[in-house]
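Just so it is clear, the model here is predicted, and its values are computed rather than measured. All values below come from the heavy atoms of this structure, side chains included, with hydrogens, waters and symmetry mates left out.
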Amino acid sequence: MTACLLYISHSINPHSSTVQIMGTSASATSQAAPFAPTHQADHQGNGMAEHRRSLQSVNIHNSKAKSIITNKVAPVVITNNCREEFQIHDKIQSANYSTGRISDLLPEHYLVLGEFFMVQDVYNRADVLNTTKSHGAPNFRKVKGKYPLFGMGQPSLNGFKQVLQRLQIDGCEEAIFICVREEPVVFFRSGGDFIPYTPRGRENLHENLHDLDRELSAEQIELSIRKELCDFAKLSENKFYVYNDIEHFKDEPQQVQILSEEDIHVTEEVYRRPLFSQPQHRYYRLPLPMEGAPLEETFDAFVNILRLTPNLFLMRDSSRPPPALLFSCQVGVGRTNLGLILGAIVFHHLQGAAESPRYLWQEMQKSEHKLDFQVIELLISRLPKGQQVLDEVDDAIAMCSDMHNIKDAVFENKLKLEGIGEDYQIQGNSTKGYFLQRTLQSLERYVYLLVFNAYLHEQYPQAFPQSFSQWLCMNAWIYRLLACMDSSELSTPASLITDGIRVLVSSQFLATDLLSTAKEMKVANFRRVSKMALYGMAQPNSEAVAVVMSYLTDQRRGHSTILWLNLQEELVLEANGQMFTPREPGSLEQPIPVCVQHPQKLQEMELALKQDILRCEKWLEVITEQDKQMRMFKTCQTIEELFVHQKSVHPGLSYQRIPLSDFCAPKEEVFDQLLEAMKSSLAEDPNCAFIFNCHDGKDRTTAAMVIATLTLWHINGFPECEEDEIVSVPDAKYTKGEFEVVMQVVRVLPDGHRVKREVDVALDVVSETMTPMHYHLREVIISTYRQIKKAKSEADAQCLRLRSLQYLERYIYLILFNCYLHLEKKDSWRRSFSQWMYQVAARAGVYAILNHLGFSEFENPDDSLMARLRFRWLPHSVQFIPMRGQLI
């Protein structure tokens, strides 16, 4: 009987792969091939033909064809013995694969995923514990104490079977195997075993793939690789080149024979197939990052493993032993260690503190480094049972520290960072920047373990009614805290200016006077909200403050009580009558924000800077509106000193510093501070005037003026709001603020449409004062987003995307604040806005919405990490500023 086999090609270009590697990609040339890669194809199936026949039978180059019959569909090949025929599509022949070579001395061959070489996964030297022969896997070990926790590196297929035997000998009735690798791994047949190999780039053959395509899982990529390898074998007489020795390249590359897809295994097959003989064992893949803390959904996946394991419930059958947990990565060190710590924390909750084997490592803990970081202290002070949470995590780390200690990694990276005197460049990158990133990543990993343990304390006894992601959205203050992890600016020396490391930049250079008020009022962009005692402006010097105060207290306006609110989060000084702020010489327009817990810290830093400038008595380089100049400063004063002098002239003047970040939505505590300041002033004088300033009088000043407008309306009464006009212009829907995510929030809030409309009126009223500045928040949101497509570079596009999301979030926060003012007015706002957000709005799902923030009208918000609170709330501006202080 004649057999007919139909092969269908995928017309996917391998160069569209989004897999990245640390280092430079291999150089490659394109070559015609009869099969295309499936890296970005649909992987719902196994990506392979159903037939398990030899690939040699369909290799046109080797087959003994009796005849070839052409037709309009595809040529049909009939073999010499007339027993089989094959149909080969012309499209297969037209697909493109890439070829390349590691060096000119080595042969050229096909590249996996368009650019990568297949390299043997684990080397003998990586097996520090020398357990491959005895236990079947490199660095196989059990943690200290009684918990059934095991870790190991990547085993071969036979090695994993040996691991199963070892666990059986140790009496483990039930075991859960968790592979924590995020990179794809495939296994080639070698003798009677299957040996692991991974794709790597030519410029860094020791480095596994990172930052994989988020839309494809590691399992899907492995299936794509296997499909490609089978195709390559057809083109190369059933052989493919791999590399075992990438140190000396002796006898490299090696040839592996691929006759069918059964000659290649993917990770799931290696771990799952042997488990059929032991049904009590289970396998999961939980990709963990090489550096930093896992994403929230990774913690969710781990919690789901707990949910699916009845013997890990707190109400389990205590007569049965808990299941063993076995974690594995490439060599069984970094990511395996993180998995083991997670398992140790779980077992602590499962078996209770009474059985905690703390006594086993108390001596070892005496030599451990204590992590004295501000972020840890603040976190522990706010978490319920904070000290207990920290002690339990430290115990778990000590239990699992045979090969790696997370706390030691934080300390050692910080030590290396502090050991760098003058920063220098390696391959175009800052050495200090590199070690700062490594320190913050290891610190973030430790902090997330504390947060996860706090989550277990609350959720484990209730059988996890909330996922970790949901719980964090209910405790969004943790994200605010984590955003201040890098507080190195607090410890920058005051001598940076006098040492010539940073320069002073004048306010005239930074603030363009778009409203042309500097001539009359001596300050840029001075303005007033119509019919309200609300004023805004750029940063004034002492002369401008005197002029403004005379203007507000004259006979026409007659304000006897004035509250001046400075929104700057940078250091600012007046020197020789001009306002200056420190900047990096190479980034003059990049602000240097200082993350402080209390504004008084800014005053202390400004005072130290002033004293150093006056003490140095030398010419300093400054940037003015015209050009660079050399100045020697005879007089210098901080902003607070400036207002102390004015208060002696105008006793009704009060001054406060409330730092507010550029572009972002104000933090919950900033709303609290602004509201409390206004309430206190109005309680003393209902006719009190309010003045706001930032560096240019635009972004932050406008946001604060809108907040003040809403507050005064709630106290004094709202103006009549006209019905929305029907507008038929491009983007009219969005200039009215009717974005899908905004309307989603509006639908959640009581009387949400009215609340939004009031905010829109407040925005219109404030914006009327500054028409030439073209700074209306609703318009800025959509106009900034539209600029993304016109960006000149990917970096510019990412910056615009972030900026548009920050503006969108600011708009939503104004709506939330107005809703708060309505709902809490009956109690005179005794509950603060931050408390209301965390206690009320969070339960209504507001932070969950903000955790998927984006323009869903145009794209999937979750395609960008900036849609998440965790990444959007980071201080992105500091990424471009060299580190000048110490982590505290």
Side-chain angles (χ1 to χ4, degrees), residues 12-33 35-40 95-126 154 156 181-190 194-213 216 218 221-258 263-267 290 330-331:
I12 304 295
N13 191 319
H15 299 292
S16 64
S17 168
T18 58
V19 179
Q20 299 176 351
I21 190 168
M22 301 293 289
T24 308
S25 300
S27 61
T29 57
S30 183
Q31 178 173 328
F35 280 82
T38 57
H39 172 49
Q40 293 189 353
N96 290 324
Y97 275 128
S98 295
T99 61
R101 60 181 66 184
I102 288 179
S103 74
D104 293 338
L105 301 177
L106 296 175
E108 185 177 57
H109 55 81
Y110 290 103
L111 301 179
V112 170
L113 301 177
E115 54 183 321
F116 302 118
F117 301 85
M118 296 304 297
V119 179
Q120 187 170 320
D121 188 36
V122 183
Y123 306 98
N124 293 332
R125 286 185 302 171
Q154 180 63 62
S156 65
R181 305 190 68 171
E182 61 176 346
E183 66 274 17
V185 186
V186 295
F187 299 74
F188 290 105
R189 186 188 298 276
S190 178
F194 281 82
I195 308 299
Y197 285 78
T198 55
R200 301 182 190 176
R202 186 182 71 168
E203 300 302 325
N204 201 340
L205 292 169
H206 294 275
E207 190 75 42
N208 283 318
L209 300 183
H210 300 284
D211 302 321
L212 304 182
D213 188 334
L216 297 177
I221 297 176
E222 287 173 2
L223 292 172
S224 295
I225 291 173
R226 177 162 69 179
K227 175 66 171 65
E228 285 190 351
L229 291 170
C230 290
D231 295 346
F232 296 157
K234 289 184 188 180
L235 303 170
S236 308
E237 299 182 347
N238 303 320
K239 291 181 175 60
F240 182 73
Y241 286 112
V242 298
Y243 295 83
N244 296 339
D245 178 11
I246 56 174
E247 295 288 344
H248 309 289
F249 291 96
K250 184 179 180 180
D251 301 326
E252 297 295 338
Q254 303 284 321
Q255 287 188 349
V256 293
Q257 190 176 40
I258 303 174
D263 290 325
I264 307 170
H265 281 3
V266 294
T267 303
M290 294 288 291
Q330 182 188 8
V331 296

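Side-chain contact between I246 and Y123: present, with at least one pair of heavy atoms (C-beta onward) separated by less than 4.5 Å. Side-chain atoms of M118 and V186, non-hydrogen and from C-beta on, do get closer than 4.5 Å to each other. In this structure the side chain of F188 reaches within 4.5 angstrom of the side chain of I264, judged on heavy atoms. With a 4.5 Å cut-off on side-chain heavy atoms, L229 and V112 count as touching. Using a 4.5 Å cut-off on side-chain heavy atoms (C-beta onward), F194 and S156 make no contact. At least one side-chain heavy atom of H206 sits under 4.5 Å from a side-chain heavy atom of E247.
Across all non-hydrogen atoms, the minimal contact from D263 to R189 is OD1-NE, 2.7 Å. Smallest separation of non-hydrogen atoms from P253 and L106: CD-CD2, 4.2 Å. In terms of heavy atoms, G114 sits closest to S98 at O-CB, 3.3 Å. Closest non-hydrogen pair, L209 versus E183, comes out as O-CB, 3.6 Å. Closest approach of F187 and P196 over heavy atoms only: CE2-CB, 3.5 Å.
Using bins of under 30°, 30° to 60° and over 60° for the plane-to-plane angle, the ring pair Y110/Y97 lands in the perpendicular bin. Classified by interplanar angle (parallel below 30°, tilted 30° to 60°, perpendicular above 60°), the ring pair F117/H109 is perpendicular.
A salt bridge links R200 with D121: at least one charged nitrogen is closer than 4.0 Å to a carboxylate oxygen. R181 and E222 are not joined by a salt bridge, as no carboxylate oxygen comes within less than 4.0 angstrom of a charged side-chain nitrogen.
Side chain of E108 to main chain of R101: no donor-acceptor pair is present (N/O by atom type, distance under 3.5 Å, no hydrogens or angles).
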| Is there a side-chain contact (heavy atoms from CB on, under 4.5 Å) between F116 and I225 once you walk through the steps? | CA-CA 10 Å; F116 302 118; I225 291 173; over 6 Å; no

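Judged as a side-chain contact (heavy atoms from CB on, under 4.5 Å), and not counting sequence neighbours, the contacts of Q254 are V242, N244, D251, E252. Residues satisfying the side-chain hydrogen bond (donor to acceptor under 3.5 Å, both in side chains) criterion with Q255, sequence neighbours excluded, are Y241.
Note: T99 OG1 to E115 CD = 13.5 Å, rounded to the nearest 0.5 Å. With values rounded to the nearest 0.5 angstrom, T267 atom OG1 is found 6.0 Å from Q154 atom CD. The CG atom of L205 lies 13.5 Å from the CD atom of Q120; values are rounded to the nearest 0.5 Å. To the nearest 0.5 Å, atom CG of residue L235 and atom CG of residue N238 are 10.0 Å apart.
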